[in-house]
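Contents: one structure, followed by commentary.
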Amino acid sequence: MIPEILAAAFVLALVSTSVSHAASIIVAASNSSPESKERADFICDGTNDQVKLLESITRASRVTTKVDTAPAVQKSVECYGRHSVEWVPGDYYLGETLTIPDAADVAIHAEGTYFHYIPKEGDAVVVTGMNRCRYYFGTIESNSAGAAILVKPTAEMPALMSFLNFTGLLGSDQRGTGLYLDSTQSGVCCNRFEGTDIMGFDTGVFVSDAIAKCDTNWFWFSYIRMCNTGIQELGKGVDDNVWNVNVDASIPDSLSLRTAATHGKWYVIMGTWTFEGVNNAVILDPGASQNVIEVHPPLEDFAWEDNSGNNTNIILTAKRYLNAQCC
């Protein structure tokens, strides 16, 4: 009988281990399940929940880490580090911007969450410097003219080699921006941005001119829709990004994607819904060069423009190989 008891205890230990959570701090929403609240370190009350969410991150230790300022140049910075938080499923209400501070080797596990950004102006979530971080958000709903997620690293620390995932970014009335990358103070490089739904904004994804650099990022989005502009990528300091996207110009006078950047690679599932031949599927803006854009269905089925001013951009379609300048 003893061996059977020991075996059962061993199996129970394995099960317990498999469902244990590695998070340093656990936060529950006001409407999270009773089981979640029992194991939570903080329980939000549905008002200004950004305060407790931020506190769960700033409970981390301060560490010194090296970050790249160029491919072969590094500097040492101090930031929050070596920490993990879990924000359990539920509804979180942000009365002000939730700012994720400079961090290294930090993880946010927030799948199954739903964030309501209450103000009509400002950004819902701002991510500053990050180094080897993994941020997994749920859905962020915003009616603001700002961004649902703004990645804006500080002058002290760039955003490098990190994952930023979300379930959905939901706007309304074509206001604001879904995901906004701002490299005016420091670089946004070598990151992966992944999401399932971006809907209802003026611009779904916007990449600004970079005073530093915005390059070598990977983008994967299941669907960008019902935005005035699905994706816009400016050109200064922006290069070598890789896009795997499904994007539609699905409302009147909208545009699927436009780029002024260089050396980009695009894998695009394209649509303009009932506006084929009217809404632009692709616009190559002045300065765009040496981009390779693979489009399905063929780009010839849609309206598009080449204003790049050069003949180095390549369009690959199911019908034929196109040099963008000549078509």
Side-chain angles (χ1 to χ4, degrees), residues 22-27 29 41-42 44 48-63 65 67 77-88 92-119 122-142 144 146-169 176-195 205-206 208 212 214 217:
S24 304
I25 301 292
I26 299 173
V27 182
D41 299 288
F42 300 118
C44 296
N48 289 321
D49 291 339
Q50 74 280 354
V51 174
K52 288 180 179 176
L53 294 174
L54 175 59
E55 186 177 352
S56 71
I57 296 172
T58 57
R59 288 290 185 94
S61 301
R62 300 288 292 179
V63 301
T65 190
V67 297
V77 299
E78 183 182 297
C79 61
Y80 293 104
R82 301 159 200 170
H83 185 62
S84 176
V85 300
E86 180 185 359
W87 302 340
V88 301
Y92 295 86
Y93 295 85
L94 309 181
E96 295 179 353
T97 298
L98 169 61
T99 299
I100 310 300
D102 290 355
D105 305 292
V106 167
I108 298 173
H109 302 282
E111 295 92 336
T113 55
Y114 200 102
F115 299 91
H116 305 261
Y117 183 64
I118 306 303
D123 308 305
V125 176
V126 174
V127 177
T128 59
M130 55 182 178
N131 195 44
R132 298 185 301 271
C133 291
R134 301 291 185 267
Y135 298 152
Y136 296 89
F137 295 105
T139 294
I140 301 172
E141 180 184 68
S142 173
S144 170
I149 299 179
L150 170 63
V151 179
K152 187 175 183 178
T154 62
E156 289 74 26
M157 185 174 184
L160 304 171
M161 298 172 293
S162 296
F163 291 179
L164 194 156
N165 294 53
F166 54 84
T167 305
L169 304 179
T177 305
L179 174 64
Y180 191 133
L181 304 190
D182 183 341
S183 304
T184 54
Q185 296 187 62
S186 196
V188 179
C189 306
C190 305
N191 303 289
R192 186 179 80 181
F193 299 95
E194 182 176 347
V205 180
F206 182 75
S208 73
C214 184
N217 297 294

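These numbers come from the heavy atoms of this one structure, side chains and all, not from hydrogens, waters or symmetry mates. Residue numbers run from 1 in the order of the sequence given.
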[X] versus [Y]: any side-chain heavy-atom pair under 4.5 Å?
| X | Y | result |
| --- | --- | --- |
| R82 | S61 | no |
| D102 | T154 | yes |
| Y180 | D123 | no |
| P101 | L54 | yes |

Verify side-chain contact (heavy atoms from CB on, under 4.5 Å) between M157 and C79, making sure each step is shown before the conclusion.
CA-CA 9 Å; M157 185 174 184; C79 61; 4.0 Å; yes
Quick one: pull up [atom1] in [X] and [atom2] in [Y] and give me the separation to the nearest 0.5 Å.
| X | Y | atom1 | atom2 | answer |
| --- | --- | --- | --- | --- |
| I25 | H83 | CD1 | NE2 | 5.5 Å |
| Y117 | L94 | OH | CG | 8.0 Å |
| K152 | T184 | NZ | OG1 | 4.5 Å |
| I100 | Q50 | CD1 | CD | 11.0 Å |
| C44 | K52 | SG | NZ | 6.0 Å |
| Y93 | D49 | OH | CG | 8.5 Å |

CD of E96: more than 12 outside heavy atoms within 6.0 angstrom?
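No, because the 6.0 Å sphere around CD of E96 holds 12 heavy atoms or fewer from other groups.
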Would you check if the side chain of [X] reaches a backbone N or O of [Y] as a donor-acceptor pair within less than 3.5 Å?
| X | Y | answer |
| --- | --- | --- |
| S142 | H116 | no |
| D182 | L150 | no |
| Y135 | I108 | no |
| S162 | C133 | yes |
| N191 | N217 | no |

Shortest non-hydrogen contact from [X] toward [Y]:
| X | Y | result |
| --- | --- | --- |
| G187 | A212 | N-CB, 3.5 Å |
| C214 | S183 | CB-OG, 3.4 Å |
| A159 | P153 | N-CB, 3.7 Å |
| A148 | A124 | O-CB, 3.3 Å |
| V27 | S56 | CG2-CB, 3.5 Å |

Please evaluate residues V188 and F193 with respect to the criterion side-chain contact (heavy atoms from CB on, under 4.5 Å), reporting the C-alpha separation (whole Å), side-chain torsions for both, the decisive distance (0.1 Å), and the verdict.
CA-CA 11 Å; V188 179; F193 299 95; 4.0 Å; yes
Under the side-chain contact (heavy atoms from CB on, under 4.5 Å) rule, collect the residues that match up with T99, sequence neighbours excluded.
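With sequence neighbours excluded, T99 shows a side-chain contact (heavy atoms from CB on, under 4.5 Å) to T97, V126, T128, given in chain and number order.
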When the ring planes of W87 and F137 are compared, do they come out parallel, tilted or perpendicular, using 30° and 60° as the limits?
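It falls in the tilted class, 30° to 60°.
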Given the rule in the side-chain contact (heavy atoms from CB on, under 4.5 Å) test, do I149 and I140 qualify, once you have shown the distances and angles that lead to the verdict?
CA-CA 8 Å; I149 299 179; I140 301 172; 3.6 Å; yes
For D105 and T65, test the side chains for any donor-to-acceptor distance below 3.5 angstrom and give the result as yes or no.
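Their side chains do not contain a donor-acceptor pair, so the 3.5 Å distance test is not met.
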Let me see the working for R62 and Y80 under side-chain contact (heavy atoms from CB on, under 4.5 Å), right down to the final yes or no.
CA-CA 5 Å; R62 300 288 292 179; Y80 293 104; 3.3 Å; yes
